[in-house]
Amino acid sequence: MKKIEFGQKFVSQHIYLFRCPLCDTPFEKVIGLSLVCPNGHAFDFSKKGTLYFLTKQANNEYGREMLLARHRILQAGLFDQIIQEISGHLDDKSETILDVGCGEATPLTRLLQSRVSHDIAVGFDISKDGIQLATQQPVDAFFCVADLAHLPFNDHRFSTIIDLFSPSAYGEFNRVIQPGGKLIKIIPNSGYLRELRELLFGQHQKNSTYSNQQVYQLFLKHYPNATINKINYQFEIPAELRHDMMIMTPMHWGKDKYPNADQLVDRLTSITVDVSILINQF
């Protein structure tokens, strides 16, 4: 099946998930190569089977080079233990999953592949390049370009929302989650990629440290009964991917970065993955 045919079929079968981002009216049908709302607003499927729901131009700092580097690192297993932890919090029955800021979608793909049940999954990102790469994943998930602050989804349709290192719009999350559903948000802790930070900026410098306190406190302000699990492990970086390890993060743009960081990164043999998994049951 061609990708555009898969996209049309998925949306047609799961039309109840989607609403028009222009007028907030639930979509009713796919007409030809377009998803059309009752008020006549139409969104065309791309050749890759995706939909572009943005209603205004978006600023996106993640270029294709960064996304490809991230893809290679994630394919090598950087987040596999995080994905295992997420999977352990999902129900055995089929879930309807929304992946927030899915990027090139390796984490969502690995998660779905680890599951026995047949889940319905939608990934979205503000990056068109990221979504184009996501469509190359070997998984039956639907991908679209959408605005976090104004989601093109109907109320109370998703049983699980996964937010892996992405910004959050808690009002929108509360709107689209089902009663009894779960929000699983993963945030970096102070030790996350510590070796890379110190290599790029030196020890005990402004950019070599990180604090998640503001994000953590905001989450608990919205969900005071949330549970928190912490994961800390070392990931051995394949020699051919050490440069990708630097390119996959915005850190390599830092204005205080060492001028010879590109050469120093070859010394990086392992990296710390240190995250908190915040879980709220609705």
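Residues take their numbers from the sequence shown, with the count starting at 1.
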Asker: Suppose we screen for ring-ring contact (aromatic ring centres under 6.0 Å, His included). Which residues come up paired with Tyr233, at least two apart in sequence or across chains?
Answerer: none
Asker: Measuring from Ile228:CD1 to Ser276:OG, what's the distance to the nearest 0.5 Å?
Answerer: 7.5 Å
Asker: State plainly whether the residues Asp155 and Arg19 are in salt-bridge range, i.e. N to O under 4.0 Å.
Answerer: yes
Asker: Could you tabulate the donor-acceptor pairs under 3.5 Å formed by side-chain atoms of residues 47-56, not counting sequence neighbours?
Answerer:
from  : atom 1 : to    : atom 2 : distance (Å)
Thr50 : OG1    : Ser46 : OG     : 2.7

Asker: Kindly say whether Gly103 contributes a backbone atom to a donor-acceptor pair with the side chain of Asp125 at under 3.5 angstrom?
Answerer: yes
Asker: Hydrophobic clusters here meaning ILVMFWY residues chained together by side-chain heavy-atom distances under 4.5 Å, can you tell me if Leu183 and Ile277 are in one?
Answerer: no
Asker: Does Val100 reach the side chain of Leu148, with side-chain heavy atoms less than 4.5 Å apart?
Answerer: yes
Asker: Can the ring centroids of Phe6 and Phe45 be said to lie less than 6.0 angstrom from one another?
Answerer: no
Asker: Taking NZ, NE, NH1 and NH2 as the nitrogens, is one of them in Lys182 or Asp91 under 4.0 Å from a carboxylate oxygen of the other?
Answerer: yes
Asker: For the pair Ile187 and Phe219, evaluate side-chain contact (heavy atoms from CB on, under 4.5 Å) and give the outcome as yes or no after the intermediate values.
Answerer: CA-CA 10 Å; Ile187 61 174; Phe219 188 92; over 6 Å; no
Asker: Donor-acceptor pair, Asp129 side chain versus Gly63 backbone, under 3.5 Å?
Answerer: no
Asker: CZ/Arg72 to CG/Leu241 distance, rounded to the nearest 0.5 angstrom?
Answerer: 7.5 Å
Asker: Taking Arg242 for the side chain and Val265 for the main chain, is one N or O donor matched with an acceptor at less than 3.5 Å?
Answerer: no
Asker: Would you say Glu172's side chain and Ala169's backbone share a donor-acceptor pair under 3.5 angstrom?
Answerer: no
Asker: Compare all side-chain heavy atoms of Val275 with those of Asn212 and state whether any distance is below 4.5 angstrom.
Answerer: no
Asker: Is there a side-chain contact between Ile184 and Leu90, using heavy atoms and a 4.5 Å cut-off?
Answerer: yes
Asker: Is it the case that one hydrophobic cluster holds both Val215 and Ile279, taking links as side-chain heavy atoms less than 4.5 Å apart, direct or via other members?
Answerer: no
Asker: Do Phe124 and Ile177 sit in the same hydrophobic cluster, where Ile, Leu, Val, Met, Phe, Trp and Tyr count as joined when their side-chain heavy atoms come under 4.5 Å apart?
Answerer: yes
Asker: Evaluate whether atom NZ of Lys2 has more than 12 neighbouring non-hydrogen atoms of other residues, nucleotides or ligands under 6.0 angstrom away.
Answerer: no
Asker: Short question: side chain of Glu104, backbone of Leu67 - any donor-acceptor pair under 3.5 Å?
Answerer: no
Asker: Please tabulate, one pair per line, all N/O donor-acceptor pairs under 3.5 Å involving side-chain atoms of residues 82-89, not counting sequence neighbours.
Answerer:
from  : atom 1 : to     : atom 2 : distance (Å)
Glu85 : OE2    : His89  : NE2    : 3.2
Ser87 : OG     : Ser114 : OG     : 3.4
His89 : NE2    : Asn229 : ND2    : 3.2

Asker: What donor-acceptor contacts under 3.5 angstrom involve side-chain atoms of residues 9-17, with partners at least two apart or in another chain?
Answerer:
from  : atom 1 : to    : atom 2 : distance (Å)
Ser12 : OG     : Gln8  : O      : 2.8
His14 : ND1    : Phe10 : O      : 2.9

Asker: Between Glu95 and Ser159, is any side-chain donor less than 3.5 angstrom from a side-chain acceptor?
Answerer: yes
Asker: Of the non-hydrogen atoms in Cys102 and Ile131, which two are nearest, and what is the gap between them?
Answerer: SG-CD1, 3.7 Å
Asker: Are any non-hydrogen side-chain atoms of Pro179 and Phe282 less than 4.5 angstrom apart?
Answerer: no
Asker: Quick one: do Tyr192 and Leu268 end up in the same hydrophobic cluster if we chain Ile, Leu, Val, Met, Phe, Trp and Tyr together by side-chain heavy atoms under 4.5 Å apart?
Answerer: yes
Asker: His150 and Asp24: side chain to side chain donor-acceptor pair (under 3.5 Å), yes or no, with the steps?
Answerer: CA-CA 9 Å; His150 193 180; Asp24 295 339; 2.8 Å; yes
Asker: Is a side-chain donor or acceptor of Arg175 paired with a backbone partner of Phe153 at a separation under 3.5 angstrom?
Answerer: yes
Asker: What are the two closest heavy atoms between Asp244 and Ala69, and how far apart are they?
Answerer: OD1-CB, 3.6 Å
Asker: Can I get a per-line list of side-chain donor-acceptor pairs under 3.5 Å for residues 27-42, giving both atom names and the distance, sequence neighbours left out?
Answerer:
from  : atom 1 : to    : atom 2 : distance (Å)
Ser34 : OG     : Asp44 : OD1    : 2.4
Asn39 : ND2    : Thr25 : OG1    : 3.2

Asker: Show your reasoning for whether side-chain contact (heavy atoms from CB on, under 4.5 Å) applies to Leu200 and Met246.
Answerer: CA-CA 9 Å; Leu200 294 178; Met246 179 177 69; 3.6 Å; yes
Asker: To the nearest 0.5 angstrom, please state how far the CD atom of Gln178 sits from the OG1 atom of Thr160.
Answerer: 8.5 Å
Asker: Hey, mind stepping through Asn189 and Lys230 against side-chain contact (heavy atoms from CB on, under 4.5 Å) and telling me if it holds?
Answerer: CA-CA 9 Å; Asn189 293 331; Lys230 295 186 177 182; 4.2 Å; yes
Asker: Checking Asp119 side chain against Ala121 main chain: does a donor-acceptor pair fall under 3.5 Å?
Answerer: no
Asker: Give a yes-or-no answer on whether the side chains of Glu236 and Thr269 include a donor-acceptor pair shorter than 3.5 Å.
Answerer: no
Asker: Considering non-hydrogen atoms only, spot the tightest contact between Pro167 and Lys185 and give its length.
Answerer: C-NZ, 4.4 Å
Asker: Using the rule that two of Ile, Leu, Val, Met, Phe, Trp, Tyr join whenever any of their side-chain heavy atoms come within less than 4.5 Å, decide whether Val145 and Leu108 are in one cluster.
Answerer: yes
Asker: Does the pair Val176 and Ile161 meet the rule for a side-chain contact (heavy atoms from CB on, under 4.5 Å), with working shown?
Answerer: CA-CA 9 Å; Val176 303; Ile161 297 174; 3.8 Å; yes
Asker: Before accepting this row, confirm whether a basic side-chain N of the pair Asp80/Arg110 lies closer than 4.0 Å to the acidic partner's carboxylate O.
Answerer: yes
Asker: Nearest 0.5 Å please: distance from the CZ atom of Phe79 over to the CD1 atom of Ile186.
Answerer: 9.5 Å
Asker: Are side-chain heavy atoms of Ile162 and Leu98 found at a separation under 4.5 Å?
Answerer: no
Asker: Which residues pass the ring-ring contact (aromatic ring centres under 6.0 Å, His included) test with His222, not counting sequence neighbours?
Answerer: Tyr170
Asker: Considering all heavy atoms of both residues, which atom of Ser94 and which atom of Ile120 are nearest to each other, and what is their separation?
Answerer: OG-N, 4.3 Å
Asker: Would you say the side chains of His118 and Asp140 form a donor-acceptor pair under 3.5 Å?
Answerer: no
Asker: Taking all heavy atoms of Phe235 and all of Ile73, pick out the closest pair and write down the distance.
Answerer: CZ-O, 4.4 Å
Asker: Locate the shortest heavy-atom distance separating Val122 from Cys144; write the atom from each residue and the value.
Answerer: CG1-SG, 4.4 Å
Asker: Near Glu240 CD, under 6.0 Å, is it more than 12 heavy atoms from other residues, nucleotides or ligands?
Answerer: yes
Asker: Give a yes or no on whether the ring-centroid distance for Phe18 and Phe142 is below 6.0 angstrom.
Answerer: yes
Asker: Answer yes or no: is there a side-chain heavy-atom contact under 4.5 Å between Pro107 and Leu74?
Answerer: yes
Asker: Step by step, work out the side chain to side chain donor-acceptor pair (under 3.5 Å) result for Ser270 and Gln234.
Answerer: CA-CA 6 Å; Ser270 67; Gln234 288 290 311; 3.2 Å; yes
Asker: Do Thr106 and Gln137 pair up side chain to side chain, a donor and an acceptor below 3.5 Å, judged on atom types alone?
Answerer: yes
Asker: Would you confirm whether Glu65, through its side chain, and Ile247, through its main-chain N or O, come within 3.5 Å as a donor-acceptor pair?
Answerer: no
Asker: Using modelled atom types and a 3.5 Å cut-off, is there a donor and acceptor pairing between side-chain atoms of Arg267 and backbone atoms of Leu199?
Answerer: no
Asker: Mind checking whether Leu78 and Val273 have side chains closer than 4.5 Å, heavy atoms only?
Answerer: yes
